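Taking it in order: structure first as C-alpha cells, then the write-up.
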Amino acid sequence: MAVPMGVACSKVCWRPSAPDRDERRTLLYSFRRCPYAIRARLAIAVSGVKVDTVEVALRDKPAALRTASPKATVPVLVIDDGQVIEQSLDIMRWALTQADPEAWLDGDDAALIATNDGAFKHHLDRYKYAAPADRDGHRDAAAALLAPLETRLSCHANLAGDRRTLVDMALLPFVRQFAQVDSAAFAALPLPGLHRWLARHLASPLFEQVMARPAASAHPTPR
C-alpha cells in the first residue's frame, strides 16, 4: 500500500497506564479540511463506532497528540485499549472491521487507492502550490490519472459498482481538493461521470455530517 505524502504511516504502539475500561475513550485527532482526516471520518461515521473527534489546531497541537504519536500528523486514532493507528487507510479499515453496515470493505481497491495516494497526490500538491509556470503541467498530469475513474463511472454509479464503498470514500477528499483548485478548469474537463460522482457524494448527508464544523472544546487527554 502506498504511503500518503505528508502523513505519518508508521504505527506506534502507545499504552498509557490502564484505568478502568469504562473510563476509556477512543479518540480521533483530526483536522476538518485534511483529506486524509476526511476519509478516516467518513469510515468511522458510516460504521457507527463511537469515537470522540478532537479537532487539532495545526499551530497548537495538543500535548496528548504528541504523546500518542511523536510525528503529530493527523489523523491519529487512539483506541480505548491504548493502541494507536496513524495511517488514514488503516483507520478506515479498523472502523469497518468493527462494523460495516454498507459493506464498504467489498470495494477496498488497493491499486486504485495507491495511484491516488502516490502519483495523483504528487501532482495535486504541485498543482496547488507550484509556480504558475509549472501548474498547468501538474494539472494535466493529475487529470490524466482521473481518466480511469471516468471509465469506471461510465458503467457504474461508483468506482467499485453501483453502491459506494471504501474506494469511493478514500478518493473523494482528494478529487474534491483537485476540483477546488480551479473549479472552472475542473468543470471543463471531459469527465462527466466524475463530475456527477463528485457532486453526488459532496451533497450526501454522510459527507455533510463529517464536514460539520466542530464545536470549540478543550483538548482532551487520552486515558
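For clarity, every value in this text was computed on a predicted model and none was experimentally measured. If you read the sequence from its start, that first residue is 1, and numbering goes on from there.
By the salt bridge (charged side-chain N to carboxylate O under 4.0 Å, His left out) test, Arg152 is found to be paired with Asp109, residues two or more places apart in sequence or in another chain being considered. Residues satisfying the side chain to side chain contact (heavy atoms under 4.5 Å, CB included) criterion with Ala40, sequence neighbours excluded, are Pro75, Ile91. With sequence neighbours left out, His195 forms a ring-ring contact (aromatic ring centres under 6.0 Å, His included) with Phe186. Not counting sequence neighbours, the partners of Arg163 by the salt bridge (charged side-chain N to carboxylate O under 4.0 Å, His left out) test are Asp106. With sequence neighbours excluded, the residues forming a side chain to side chain donor-acceptor pair (under 3.5 Å) with His201 are Asn158, Trp197, listed by chain and number. Residues forming a salt bridge (charged side-chain N to carboxylate O under 4.0 Å, His left out) with Arg135 (at least two apart in sequence, or on another chain): none. Residues satisfying the side chain to side chain contact (heavy atoms under 4.5 Å, CB included) criterion with Arg66, sequence neighbours excluded, are Lys61, Ala72. Residues forming a side chain to side chain donor-acceptor pair (under 3.5 Å) with Arg176 (at least two apart in sequence, or on another chain): none.
Residues Met169 and Ile38 are not in side-chain contact: their nearest non-hydrogen atoms beyond the backbone lie 4.5 Å or more apart.
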For Leu89 and Arg39, run side-chain contact (heavy atoms from CB on, under 4.5 Å): C-alpha distance rounded to whole Å, both residues' side-chain angles, the deciding distance at 0.1 Å, then the answer.
-> CA-CA 8 Å; Leu89 289 172; Arg39 65 162 47 152; 3.4 Å; yes
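The distance between the ring centers of Phe174 and Tyr36 falls below 6.0 angstrom.
Residue pairs meeting the side chain to side chain donor-acceptor pair (under 3.5 Å) criterion with at least one member in residues 96-105, sequence neighbours excluded: Glu102-Trp104, Glu102-Arg164. For the salt bridge (Lys or Arg N to Asp or Glu O under 4.0 Å) condition, the pairs that include at least one residue of residues 42-54, sequence neighbours left out, are Arg25-Asp52, Lys50-Asp52. Pairs of residues two or more places apart, or lying in two chains, never qualify as salt bridge (Lys or Arg N to Asp or Glu O under 4.0 Å) while including a residue from residues 182-209.
Between His138 and His122, the ring-plane angle classifies as perpendicular under the 30° and 60° cut-offs.
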